[in-house]
2 protein chains.
Amino acid sequence: MERDDAGLVSILVRLSFTIQASMTAIAAEHDLSATQARLLGILRDREPTMAGLARFLGLDKSSITGLVDRAERRDLVRRIAAQRDGRSVQVAITPHGRQLIDACARAIEEQVGALLDGFTDAERRRLAALAGRVVLKDAEIKGVDLLTGAWPG
Amino acid sequence: MERDDAGLVSILVRLSFTIQASMTAIAAEHDLSATQARLLGILRDREPTMAGLARFLGLDKSSITGLVDRAERRDLVRRIAAQRDGRSVQVAITPHGRQLIDACARAIEEQVGALLDGFTDAERRRLAALAGRVVLKDAEIKGVDLLTGAWPG
DNA sequence: TATTGTTATACTCTATAACTATA
DNA sequence: TATAGTTATAGAGTATAACAATA
């Protein structure tokens, strides 16, 4: 059983490298770093504050300042003064940013999809169910909000 | 089918973030960056040259110089003059480096293993088989040497 | 006082280009 | 000439600590 787990964990680690490498390469083809792509991915359906972004990404707020600075300089995102709280800033994706991240998403769908070439529909469903349970368990352990992906705190 | 794939790809992407986050956190607990941990992982059972390391990691050779510099400064690895080729340098893990990466490996085994808590043996075998096929397919597409993990070229 | 965000600073990671030494 | 490795340089990404403005 230990032996089996050792194999399974190794395989999951390799799989994670595989997929992350795909995503990084696709982002680079679209002139994005992995981090900038992740930022845009988060902003696809949200306009969080800087502090919110820090929670989503699990980074210090001071790191977010530079991240958003660089993205704003490239017209990928923009800062909006928050109405409620005079201290807060909201971050929104620009049309240019959305176009880039949508193209990346399509490419990832295609490239990771190609790794599933020989899989039957039943096998796909099985893999989705099993991998889904791992993700669920992780969210449960960390207390991450599954809807938003944000970290607690 | 497209719908199913979209879900499956999303799940695999989330899974990859989950596992990478685990590994990064564990490395940090052991005072290692993700990259340094990966370097030590490669050196656990190999003594590649600098150029070899660049192939393993998919990085430029100039990046390897700094990476190995910093690891050597911390007594994690050491450079050895190659006997065959006067230009080459081989990189070996030190006892200290090995102790650190072994501790990381145990922690990853444990932490990722915890995500598989509710899984029956049959489910583990099924997940290993399915995920293994994805990794295999990736290696086949990229032409990566499965034994060593090195990139072609 | 507590929170939001920025600045200053420092370090790691990465690439490109130019260089040295060996083959 | 070609390959192995380093250096110089530049930029992204990240954290810690100190700060300003707002709550």
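Here the structure is a predicted model, which means the values were calculated and not measured.
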>> My understanding is that only residues two or more places apart in sequence, or in another chain, count here; which of them pass side chain to side chain donor-acceptor pair (under 3.5 Å) with E29(B)?
In response: none
> In chain order, what residues pass the side-chain contact (heavy atoms from CB on, under 4.5 Å) check against E110(B), with sequence neighbours excluded?
Replying inline: none
>> From NZ of K61(B) over to C1' of dT20(C), roughly how many Å is that when rounded to an integer?
In response: 11 Å
> salt bridge (charged side-chain N to carboxylate O under 4.0 Å, His left out) with R70(A): which residues, sequence neighbours excluded?
Replying inline: none
>> I want to verify a distance call: between dA8(C), dT16(C), dT14(C), whose nearest atom is closest to the S62(A) side chain?
In response: dA8(C)
> If you look at every strand shown and take non-hydrogen atoms under 4.0 Å, does L67(A) touch a base, only sugar-phosphate, or nothing?
Replying inline: sugar-phosphate
>> Please classify the nucleic acid contact of T35(B) as base, sugar-phosphate, or nothing, using heavy-atom distances under 4.0 Å.
In response: sugar-phosphate
>> Which residues in residues 22-32 of chain A have a heavy atom closer than 4.0 Å to any atom of DNA chain D?
In response: none
> Under the salt bridge (charged side-chain N to carboxylate O under 4.0 Å, His left out) test, which residues partner R133(A), sequence neighbours left out?
Replying inline: E123(B)
> Where each residue is assigned the nucleotide of DNA chain D containing its nearest heavy atom, which of G66(A) and D60(B) is assigned the position nearer the 5′ end?
Replying inline: D60(B)
> Listed in order of residue number, which residues of residues 71-96 of chain A have a non-hydrogen atom at under 4.0 Å from DNA chain D?
Replying inline: D85(A), G86(A), R87(A)
>> Could you work out, with side chain to side chain donor-acceptor pair (under 3.5 Å) as the rule, every residue matching T35(B), not counting sequence neighbours?
In response: none
>> Donor-acceptor check, side chain of R46(B) to backbone of I42(B), threshold 3.5 angstrom: yes or no?
In response: yes
> side chain to side chain contact (heavy atoms under 4.5 Å, CB included) between L115(A) and E140(B): does it pass, once the steps are laid out?
Replying inline: CA-CA 10 Å; L115(A) 297 179; E140(B) 174 196 319; over 6 Å; no
> What integer distance in Å separates L59(A):CG from dG5(C):P?
Replying inline: 15 Å
Let me check something: any side-chain donor-acceptor pairs from residues 84-91 of chain A under 3.5 Å, sequence neighbours excluded? List them with distances.
from, atom 1, to, atom 2, distance (Å)
D85(A), OD1, R87(A), N, 2.8
D85(A), OD1, R87(A), NE, 3.1
D85(A), OD2, R87(A), NE, 3.4
D85(A), OD2, R87(A), NH2, 2.9
Q90(A), NE2, E47(A), O, 3.0

> Got a sec, which residues hit side chain to side chain donor-acceptor pair (under 3.5 Å) with D117(B), two or more places apart in sequence or on another chain?
Replying inline: none
> Could you give all pairs that pass the salt bridge (Lys or Arg N to Asp or Glu O under 4.0 Å) test and reach residues 91-108 of chain B, with sequence neighbours left out?
Replying inline: R44(B)-D102(B)
> Does the side chain of S63(B) get closer than 4.0 angstrom to OP1 or OP2 of dT14(C) through an N or O atom?
Replying inline: no
> Under the side chain to side chain donor-acceptor pair (under 3.5 Å) test, which residues partner S62(A), sequence neighbours left out?
Replying inline: D60(A)
> Rounded to the Å, how far apart are L57(B) CG and dT12(C) P?
Replying inline: 17 Å
> For the pair made of CG in L39(B) and P in dT14(C), what is the distance, rounded to whole Å?
Replying inline: 10 Å
>> With heavy atoms of chain A within less than 4.0 Å as the criterion, where does contact along DNA chain D begin and end?
In response: dA12(D) to dA23(D)
>> Using whole Å, what does the distance between atom C1' of nucleotide dT4(C) and atom CG of L53(A) come to?
In response: 13 Å
